[in-house]
Peer 1: 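Please read through the structure below; I'll follow up with questions.
Values below: all heavy atoms of this structure, side chains included; hydrogens, waters and symmetry mates excluded. Predicted model, so just to flag it, every value in this text is computed and none were measured.
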Amino acid sequence: LGQNPGELAAQADQFFNSGEYEAAARLYRQAIDAGANDPTTYNNLGITLHYVGRSVEALGVLAQGATLDPEYQRTDDASDGVQGVARFVE
């Protein structure tokens, strides 16, 4: 039985919103592995990875998401997004 990527991403959003970033990252990854192919899920995973100190990995995920829709990038604050995460990696 496959898991629904949308449901996994929604569960991840709940964990993210409650500050449980490791759990959120696991579920965003599961959503992608289950077939989520949208820039929102990749962006959310990338930002979540950045929040838990995995900024190099976050950059890779954000770049993957950018290939799905180069015009899309949602940020939660000035430190988020590809440019914000890149500042932490340099």
Side-chain angles (χ1 to χ4, degrees):
L1 292 171
Q3 294 183 289
N4 180 306
E7 290 176 9
L8 290 167
Q11 290 173 357
D13 289 343
Q14 291 176 345
F15 280 113
F16 182 91
N17 291 331
S18 65
E20 297 178 61
Y21 302 123
E22 290 287 351
R26 270 193 310 278
L27 285 168
Y28 286 130
R29 175 65 67 195
Q30 287 177 11
I32 290 168
D33 291 345
N37 197 28
D38 62 277
T40 301
T41 304
Y42 280 84
N43 193 77
N44 290 350
L45 174 57
I47 290 172
T48 303
L49 291 171
H50 172 60
Y51 280 8
V52 297
R54 294 161 56 187
S55 297
V56 173
E57 185 180 356
L59 275 176
V61 170
L62 290 167
Q64 284 179 291
T67 65
L68 299 174
D69 183 354
E71 300 297 315
Y72 177 87
Q73 185 180 144
R74 192 190 104 236
T75 59
D76 294 326
D77 61 46
S79 69
D80 292 333
V82 175
Q83 292 83 12
V85 173
R87 285 193 302 268
F88 287 89
V89 174
E90 295 174 346

Peer 1: Would you mind listing every salt bridge (charged side-chain N to carboxylate O under 4.0 Å, His left out) that reaches into residues 34-45, with sequence neighbours excluded?
Peer 2: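 The answer is none; no pair qualifies.
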Peer 1: Tell me every residue that passes side-chain hydrogen bond (donor to acceptor under 3.5 Å, both in side chains) with Gln11, counting only those two or more places apart in sequence or in another chain.
Peer 2: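 With neighbours one apart ignored, the set is empty.
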Peer 1: Can you see which heavy atom on Ser55 is nearest to which on His50, and at what distance?
Peer 2: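 The answer is OG-ND1, 2.9 Å.
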Peer 1: Could you label the plane-to-plane angle of the Tyr51 and Phe16 rings as parallel, tilted or perpendicular, counting under 30° as parallel and over 60° as perpendicular?
Peer 2: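 It falls in the parallel class, under 30°.
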Peer 1: Please enumerate all residues that pass side-chain contact (heavy atoms from CB on, under 4.5 Å) together with Gln64, with sequence neighbours excluded.
Peer 2: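 Gln64 satisfies side-chain contact (heavy atoms from CB on, under 4.5 Å) with Tyr42, Val61 only.
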Peer 1: List in chain and number order the residues that pass side-chain hydrogen bond (donor to acceptor under 3.5 Å, both in side chains) with Ser18, two or more places apart in sequence or in another chain; answer none if no residue qualifies.
Peer 2: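 Here the qualifying residues are Glu20.
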Peer 1: Residues in ring-ring contact (aromatic ring centres under 6.0 Å, His included) with Phe15, at least two apart?
Peer 2: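 Checked Phe15 against ring-ring contact (aromatic ring centres under 6.0 Å, His included); zero matches.
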Peer 1: Looking only at heavy atoms, which two atoms of Ala36 and Pro5 are closest? And how far apart?
Peer 2: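 Of all heavy-atom pairs spanning Ala36 and Pro5, the closest is N-CB, 3.6 Å.
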Peer 1: Side-chain polar contacts of residues 22-35 - donor-acceptor pairs under 3.5 angstrom, sequence neighbours left out - could you list them?
Peer 2:
unit_1: Tyr28; atom_1: OH; unit_2: Asp13; atom_2: OD1; d: 2.5

Peer 1: How far does CG of Leu49 sit from CG of Asn44, to the nearest 0.5 angstrom?
Peer 2: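 Leu49 CG to Asn44 CG: 11.0 Å, rounded to 0.5 Å.
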Peer 1: With a 4.5 Å cut-off on side-chain heavy atoms, are Leu45 and Thr41 touching?
Peer 2: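 SC-SC contact between Thr41 and Leu45 ruled out.
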Peer 1: Please name the pair of heavy atoms, one in Ala58 and one in Gly46, separated by the smallest distance, quoted to 0.1 Å.
Peer 2: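 Closest approach of Ala58 to Gly46: CB-O, 3.0 Å.
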